[in-house]
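Just so it is clear, the model here is predicted, and its values are computed rather than measured. A note on names: the letters A, B, ... follow the listed sequences, proteins ahead of strands, and every chain is numbered from 1.
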Amino acid sequence: MTIVLAGQPNCGKSTIFNAVAGYLSATANFPGTSLSLTTSQVSVAGREVEVVDLPGTYSLTAHHEEAERRALAYLCEAQPSVIVNVVDATRIGRSLELTLQLLELRRPVVVALNMLDEAARKGLEIDTAALARELGVPVVATVAHRGTGLVELFAAAVDAADRGAAPAPPRYDREVEEAAARVSTTLGALAGAATLLPARLAALKLLERDGRVVAALAAHGPALADGVESVVAELEQRRGWPAEQVVSGARHALAHRIENAVIATSPARRSRRERLDVVLMHPVFGLPLLLCVLAVFFVSVFGLGRVLEAPIVRAFELLAAALGGWLPADSAAGAVVRGVVLGLSGGVAIALPYLLPFLAGLSALEDSGYLPRIAYLLDGALHRFGLHGTSIVPLILGYGCSVPAVMSTRILEHRRDRTIAALLATMVPCSARTTVILGLVGAVLGLVPALLVYVVNIAVVACVALALQRRLPGSPPGLVLEVPDLRPPSARTMAAKTWLGLKEFILVAWPALIVASVVLGLLEAARLDARVNDLLAPLTVTALGLPPALGLTLVFGVLRKELALMMLVQALGITAVGTEALAGALTPPQVMAFALFVVFYVPCIATLAALWREAGARAALGAAALTSALALVIAVAGRFVTTLLAG
Amino acid sequence: MRDVCGGKDVRARLASMGLLPGVVLEVIVRGPLGGPVLVQVDGTRLALGRALARKVLVEP
């Protein structure tokens with residue numbers, strides 16, 4: 001049995017999915033986060049079912065939106081047992097437009113009326129029984145982020161799947177229905193069979209001049225398409241609008257009629273939170289406020305990091321001491337293991353204190369709904385750098401991790417925009433690089449130099465954007481972005497997301513660190529490390545002024561950026577744990593040069609792979625080359641500027 | 001809102017977000033530096049890039 005979750009973006013669909021499947025789906029009040037299908041085997045109401053979370057889609061009129069195409073394709077091909085349509089109770093009118101399209105699919109449907117707490121806050125009273133009557137399907141009330149109503153929802157879904165009854169398709173106005181009937185009797189069935197759509201839905205899509213369906217019909221004979229065209233032309237003539245607008249208008253009208261029938265009270269007052277937007281997004285105050293928010297963010301993350309450093313370092317010191325006691329001091333194996341232990345404890349002790357608050361802060365920012373507002377505020381400025389509209393989404397996501405940022409470029413229509421955005425998204429410091437910036441520059445040199453690194457990074461990204469925009473001309477699309485309601489971040493979601501990020505760090509970065517440490521230990525034992533470092537010396541020593549031992553850490557950094565930082569401890573042979581030890585081993589110009597180089601050079605392997613997949617081999621290799629060259633120039637500049645300032 | 005002065009793709013994009021002829025739009029605020037316009041349609045807030053916003057024809 002397959003249960004599919006479908007709904008518009010920001011309706012809480014992924015929250016519901018995570019509640020049953022465990023935290024697998026990324027949830028953020030931000031487009032581009034739910035782009036791919038997520039599935040999970042779950043035990044629901046005592047049965048083993050497959051639950052599928054579809055990308056959030058506003059509608060199924062699959063034009064050029066990737067998410068819509070995929071959702072529709074999946075629904076047609078997979079023939080799910082039941083579709084659970086998650087509806088945001090605060091915007092029923094708009095949500096129903098998707099619901100009505102889902103009803104046309106002739107599969108069992110259950111509606112989850114979600115975010116009822118928000119609706120109550122806005123003074124909306126919704127008659128769920130009336131809604132169920134109007135739609136002809138069960139409606140279950142839920143408050144997903146509290147977990148309310150989910151048991152009943154899935155019980156209803158399983159029940160609907162068992163009964164297998166397809167709901168009656170919605171009835172639009174007379175003219176549209178007549179036109180659809182005229183088309184569907186013969187032609188809709190033909191087109192539908194070819195495109196896996198039910199006859200009536202295919203007929204409606206033919207009326208809407210949906211390219212894919214029309215082509216499928218034309219394959220059976222051009223005369224058939226002409227037959228449809230005459231019906232369409234007549235409809236247009238009678239209504240005075242292009243046919244696709246007539247159909248979508250009819251759907252819109254029905255959705256709103258239903259909405260008015262089921263909502264008891266509509267508020268006229270604007271709540272405090274809505275009025276907040278006038279201030280937050282203000283043409284004059286908006287940007288300064290954004291800077292304040294970001295400043296608070298960084299200062300808090302950094303401050304918390306400082307506070308956490310001491311206890312974490314202490315814990316790892318104890319661990320290192322305990323493990324050290326077990327090992328024989330003189331054997332080669334002992335040396336390697338000791339190297340590993342030191343590397344692991346030193347590395348983690350430097351990275352973890354800053355990673356943890358950063359993940360928590362980022363999740364709070366995501367959950368609150370401020371991220372789309374950042375996109376809004378920066379759009380005007382970004383225009384000057386040839387970046388328009390939704391191109392900013394991958395850039396903002398890049399501050400978390402480059403891999404989902406690159407994947408999110410799929411929300412952009414044109415290849416050119418996707419390539420540019422993907423490249424720029426990898427240049428922005430991901431959480432791993434933030435760990436390096438805060439844990440190294442911040443801890444050793446102070447918060448201001450660390451922030452300076454971010455500023456330099458943004459300046460460089462802007463210049464690259466300008467340069468790219470000249471080399472690859474084209475006009476990017478305008479911004480159309482839904483700005484969801486502001487809400488205080490839910491502690492539960494924040495905890496879940498922070499844990500998710502932390503889990504990734506523990507499950508991927510630690511083993512990588514252990515392997516890298518072992519390799520380094522072996523290389524040291526075989527005296528090969530010096531050979532590699534000598535090879536890299538022109539870069540590390542001459543250009544960057546770093547101790548030669550750092551050559552290998554840069555190599556490891558290609559695997560995962562945090563490794564560059566975390567392996568510093570082992571590479572420099574530091575026996576103490578914590579950043580004071582680093583401060584002793586490296587001079588300020590060295591710290592700056594190293595950090596700048598790590599932030600800019602080659603994206604980590606995972607990101608390169610994502611770039612290769614999304615934008616092609618040329619883009620990936622180009623990115624590697626460009627970023628490395630940039631890294632060199634900037635790091636050298638950083639070295640000399642810091643020397644000047646420090647001296 | 002009266003109409004959209006654009007091709008099929010633009011219409012479809014806007015329509016899927018709820019911007020259809022006949023709906024009531026409320027402009028909430030304009031963004032900084034020539035940035036997008038924040039409009040409210042039917043309980044939903046949308047940010048529309050300036051260039052795109054200019055294509056949406058409205059009457060008060």
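Using a 4.5 Å cut-off between heavy atoms, A/V284 does not touch chain B at all. Residue A/R91 touches chain B through its side chain alone, counting heavy-atom pairs closer than 4.5 Å. Only the side chain of A/E259 comes within contact range of chain B, with heavy atoms under 4.5 Å apart. No part of B/V39 comes within reach of chain A, as not one of its non-hydrogen atoms sits under 4.5 angstrom from that chain.
Atom CG of B/L38 and atom NE2 of A/H282 lie 12.5 Å apart (nearest 0.5 Å). Atom-to-atom distance recorded for A/Y376:OH and B/L46:CG is 11.5 Å, nearest 0.5 angstrom. Rounding to the nearest 0.5 Å gives a distance of 13.5 Å between CG of A/L481 and CZ of B/R45.
When all heavy atoms of B/G49 and A/D379 are compared, the pair lying nearest together is CA-OD2, 4.4 Å.
Taking chain B as the reference chain and counting heavy-atom pairs below 4.5 Å, the highest number among A/E97, A/H256, A/R251 is found for A/H256.
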